[in-house]
Amino acid sequence: MGASPTALNKRGNKVHLDGYTFDSQKECDFYTRFVRGSGARYEIHPHYLLEDRHELTGFNTRKVIYTPDVVIYDDSGHILHVYDVKNGFTAYAIDTSVKLRFTLFAAKYGIPVEAVVIRKHDFKSIAMGITKQRSAKEPLICRDVFYDWRGAMKL
């Protein structure tokens with residue numbers, strides 16, 4: 001029996017560019033095409049604490065950390081977008097453990113993670129971890145990072 005699909009067993013080859021290590025060529029392509037020359041302030045692979053470790057009788061739980069692919073900030077330093085580059089919007093591309101991290105991130109930091117799929121001239125985006133979201137059949141189509149993700153939620 002083959003392994004069920006998870007984010008761990010379908011990663012691409014690591015790509016090194018501009019001092020960053022990207023998990024896949026698609027992730028690197030998103031950076032080079034939509035982030036690097038955009039003029040926006042950004043971070044690549046920042047770490048966010050979702051749940052700290054807890055002491056239980058005689059042992060500790062592990063802390064839960066989420067590392068998005070790209071975070072975009074506005075001029076005041078507030079988060080505009082939290083991006084996670086995916087191959088698609090299916091359960092195969094975004095498994096339940098990833099969805100849980102997206103939900104925990106949205107609850108703690110007040111902004112959803114946007115799963116993005118890059119295409120030839122643009123990228124598709126769906127805000128994850130919130131209840132009112134576009135369906136996988138209707139992702140927001142974006143040509144740059146300067147848009148309001150909330151506009152995609154008004155159905």
Side-chain angles (χ1 to χ4, degrees), residues 1-35 40 42-73 78-119 122-142 145 147-153 155:
M1 231 193 243
S4 64
T6 68
L8 294 176
N9 66 11
K10 60 183 174 174
R11 287 183 182 249
N13 295 323
K14 301 279 186 190
V15 177
H16 303 281
L17 181 68
D18 295 346
Y20 302 114
T21 300
F22 297 96
D23 292 329
S24 68
Q25 185 62 52
K26 285 182 188 271
E27 193 178 299
C28 184
D29 290 347
F30 181 75
Y31 164 74
T32 57
R33 292 174 52 202
F34 301 106
V35 177
Y42 63 87
E43 279 186 284
I44 305 298
H45 299 132
H47 300 292
Y48 289 91
L49 180 66
L50 300 180
E51 186 62 38
D52 211 347
R53 67 176 46 119
H54 300 280
E55 186 177 330
L56 301 175
T57 311
F59 62 94
N60 292 323
T61 62
R62 293 183 180 179
K63 62 183 172 183
V64 179
I65 297 202
Y66 170 58
T67 305
D69 296 329
V70 178
V71 176
I72 303 288
Y73 299 93
H78 297 102
I79 296 174
L80 284 179
H81 301 286
V82 178
Y83 292 123
D84 208 293
V85 179
K86 298 294 179 192
N87 289 320
F89 300 120
T90 65
Y92 179 77
I94 307 172
D95 65 33
T96 55
S97 67
V98 170
K99 286 181 183 179
L100 177 59
R101 285 185 195 272
F102 290 173
T103 301
L104 291 172
F105 183 91
K108 183 163 186 175
Y109 294 98
I111 186 166
V113 174
E114 294 176 64
V116 297
V117 174
I118 62 170
R119 305 187 315 170
D122 55 28
F123 62 94
K124 295 179 184 181
S125 174
I126 292 181
M128 305 293 291
I130 57 176
T131 56
K132 187 176 183 181
Q133 62 187 20
R134 293 169 91 63
S135 71
K137 295 179 183 177
E138 278 189 69
L140 181 64
I141 306 299
C142 307
V145 298
Y147 63 92
D148 185 351
W149 64 265
R150 289 170 198 86
M153 303 305 106
L155 301 177

Side-chain donor-acceptor distances from residues 55-67 under 3.5 Å, at least two apart:
unit_1: Thr61; atom_1: OG1; unit_2: His54; atom_2: N; d: 2.8
unit_1: Thr61; atom_1: OG1; unit_2: His54; atom_2: O; d: 3.4
unit_1: Tyr66; atom_1: OH; unit_2: Asp84; atom_2: OD2; d: 2.6
unit_1: Thr67; atom_1: OG1; unit_2: His47; atom_2: ND1; d: 2.8

Do Phe34 and Cys142 make a side-chain contact, defined as non-hydrogen atoms from C-beta onward lying under 4.5 Å apart?
no

OG1 on Thr21 to CD on Glu27, rounded to 0.5 Å:
10.0 Å

Atom pair CD1 (Ile126) and CD1 (Ile94), whose distance is rounded to the nearest 0.5 Å:
7.0 Å

Smallest heavy-atom separation, Gly88 atom then Ala93 atom, equals O-CB, 3.1 Å

Going through the distances and angles, do Trp149 and Leu140 end up as a side chain to side chain contact (heavy atoms under 4.5 Å, CB included)?
CA-CA 8 Å; Trp149 64 265; Leu140 181 64; 5.8 Å; no

When the aromatic ring centroids of His81 and Tyr42 are compared, is their separation below 6.0 Å?
no

May I ask you to test the Val113-Arg101 pair for a side-chain heavy-atom distance under 4.5 Å?
no

How far does CZ of Arg33 sit from NZ of Lys26, to the nearest 0.5 angstrom?
10.0 Å

If every non-hydrogen atom of Pro112 is compared with every non-hydrogen atom of Ala106, which pair is closest and at what distance?
CA-CB, 4.0 Å

For the student: nearest non-hydrogen atoms of Phe22 and His45, plus distance:
CA-CE1, 4.0 Å

Straight-line distance of Ile111 CD1 to Ile79 CD1, nearest 0.5 Å
6.0 Å

Close side-chain approach of Phe30 and Asp69, heavy atoms under 4.5 Å:
no

Which class fits the ring pair Tyr109 and Tyr48: parallel under 30°, tilted 30 to 60°, perpendicular over 60°?
perpendicular

Within the 4.5 Å heavy-atom criterion, are Val116 and Lys86 side-chain neighbours or not?
no

State which residue, out of Val85, Asp23, Val15, fulfils the side-chain contact (heavy atoms from CB on, under 4.5 Å) condition with Cys28.
Val15

Residue set satisfying salt bridge (Lys or Arg N to Asp or Glu O under 4.0 Å) with Arg119, at least two apart, ordered chain then number -> Asp122

Is there a side chain to side chain contact (heavy atoms under 4.5 Å, CB included) between Asn13 and Gln25 once you walk through the steps?
CA-CA 7 Å; Asn13 295 323; Gln25 185 62 52; over 6 Å; no

The reported gap from CD in Glu114 to OH in Tyr147 (rounded to nearest 0.5 angstrom) is 3.5 Å

So which atom in Ala40 and which in Val145 form the shortest heavy-atom distance, rounded to 0.1 Å?
CB-CG2, 4.1 Å

If we ignore hydrogens and angles and just use 3.5 Å, is the side chain of Asp18 paired with the main-chain N or O of Tyr20 as donor and acceptor?
no

